[in-house]
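Since we're looking at a predicted model, the values are computed, not measured. Counting starts at 1 for both ligands and their atoms, in listed order.
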Amino acid sequence: MPLHSDAIARRFGDGGPTAEDTEGNDFMRGVLSRKTVRRYSDRVPSEELLHLLTACALSASAKSDFQQASILRVRDPQKRAAIGELFPSMPWIGNAPVFFVFLGDAGRLQRIGEMRGKPVRNGTLEGFFNASIDAALAMQTMILCAESAGLGVCPISVIRNEVDKVAAVLALPELVFPVAGLCIGYPQSEGYVSLRLPRAVTTHSDRYDDGALEPAIDDYDRRRHALHAIPRDQQRSNAEFGEALFYGWSEDKARQAAKAEGAAFSPYLRSHGFSFD
Ligand SMILES: Cc1cc2nc3c(=O)[nH]c(=O)nc-3n(C[C@H](O)[C@H](O)[C@H](O)COP(=O)(O)O)c2cc1C
């Protein structure tokens, strides 16, 4: 079996297409086998490699060529510590050898409008959405390039839960907001490839059809549990929802999503130039 068929089967385990008659390449195999890494060795990536990764990230597609992503590297140990201390349950934020913040930068286009004397209004929903997507694409491009160079990474959207404090540390101006941080370093341990939802659920042909969602999710829960069961002591919100006899991915995600996150984000955006008209 070609290597990528193995990798597809391991990623999905859904009995779906394995692309076995296509050659693929090493990059695709790397993507199929990629995994988030939260523990890093002491080895620090070279500055040259970080410049290369930044250049790759900023080579990502950009909506309308507006180029609304900005990348901020947090190098000052005091600033790293100040951000890390906000999230004690995620020590990798403060400890990772390298920490970038990917910014949706709707402010730059606004300023360019002012420079050229044009009536730009970029605090709209469209402006926010375009800048968010540009930043996300730049981040994912850095992720895949970093992983292809043997690095491990972890995106960090939890920084938005304390957006006021993070933005103050980073001196973010109006219309500029964090999409996510990105921890980078050389992996300390192997980790494992996380099983994705069956493609029967996440892909559609010609028309959207989620008619078989429930049995497919039940099946996915069972397969994922057999590979990597969530330990009993990691069940979320047991006081509210009770201890589950079978605690699968969907139970975990439903409990997680029931606790709304990011309450500070909307007010932050609205008080920093976004009207979302
Ligand atoms: C936008 C985004 C934000 C994320 N934020 C966090 C975070 O704040 N903390 C964290 O530990 N992991 C974070 N992650 C990592 C996800 O938990 C991880 O990608 C997911 O569990 C799937 O695992 P995999 O990437 O190994 O397949 C984030 C991932 C993305 C794409």
Item to check | Any non-hydrogen protein atom less than 4.0 Å away from atom 20 (C) of ligand 1 | outcome: no
Next on the checklist: Looking only at protein heavy atoms, which one is nearest to atom 1 (C) of ligand 1, and what is the separation?
Outcome noted: Met139 CE, 4.3 Å
Next on the checklist: Are Phe128 and Phe276 an aromatic pair, judged by ring center distance below 6.0 Å?
Outcome noted: yes
Checklist entry - For ligand 1, which atoms, with element, lie under 4.0 Å from some heavy atom of Val158? => result 8 (O)
Checklist entry - Does Arg196 reach ligand 1, in the sense of a heavy atom lying below 4.0 Å from it? => result yes
Checklist entry - Between Tyr40 and Tyr186, is the ring centre distance below 6.0 Å? => result no
Item to check | Rounded distance (nearest 0.5 Å) linking atom CG of Leu50 with atom CD1 of Ile71 | outcome: 11.0 Å
Checklist entry - Pick one: which of Gln68, Arg108, Arg111 meets side chain to side chain donor-acceptor pair (under 3.5 Å) with Asn122? => result Gln68
Next on the checklist: Quick check on the 6.0 Å ring-centre criterion: do His228 and Tyr192 meet it?
Outcome noted: yes
Item to check | Partner residues of Gln188 under the side chain to side chain donor-acceptor pair (under 3.5 Å) criterion, sequence neighbours left out | outcome: none
Item to check | Residue-ligand contact Trp92/ligand 1, heavy atom below 4.0 Å | outcome: yes
Checklist entry - What atoms in ligand 1 come closer than 4.0 Å to a heavy atom of Arg38? => result 10 (C), 11 (O), 12 (N), 15 (C), 16 (C), 17 (O)
Checklist entry - Which residue owns the protein heavy atom closest to atom 25 (O) of ligand 1, what's the atom, and how far is it? => result Thr36 OG1, 2.6 Å
Checklist entry - Going by side-chain heavy atoms closer than 4.5 Å, which hydrophobic residues are tied to Val201, directly or by a chain of links? => result Leu195, Leu197, Leu213, Ile217, Tyr220, Leu227, Trp249
Next on the checklist: Heavy-atom pairs closer than 4.0 Å: do any link ligand 1 to the side chain of Pro155, the backbone, both, or neither?
Outcome noted: both
Checklist outcome for this item: Filtering Gly181, Gly191, Cys154, Ser157 for the heavy atom nearest atom 5 (N) of ligand 1 leaves Ser157
Next on the checklist: Quick test: of every protein heavy atom, which one is nearest to atom 9 (N) of ligand 1, and how far off is it to 0.1 Å?
Outcome noted: Met90 SD, 3.2 Å
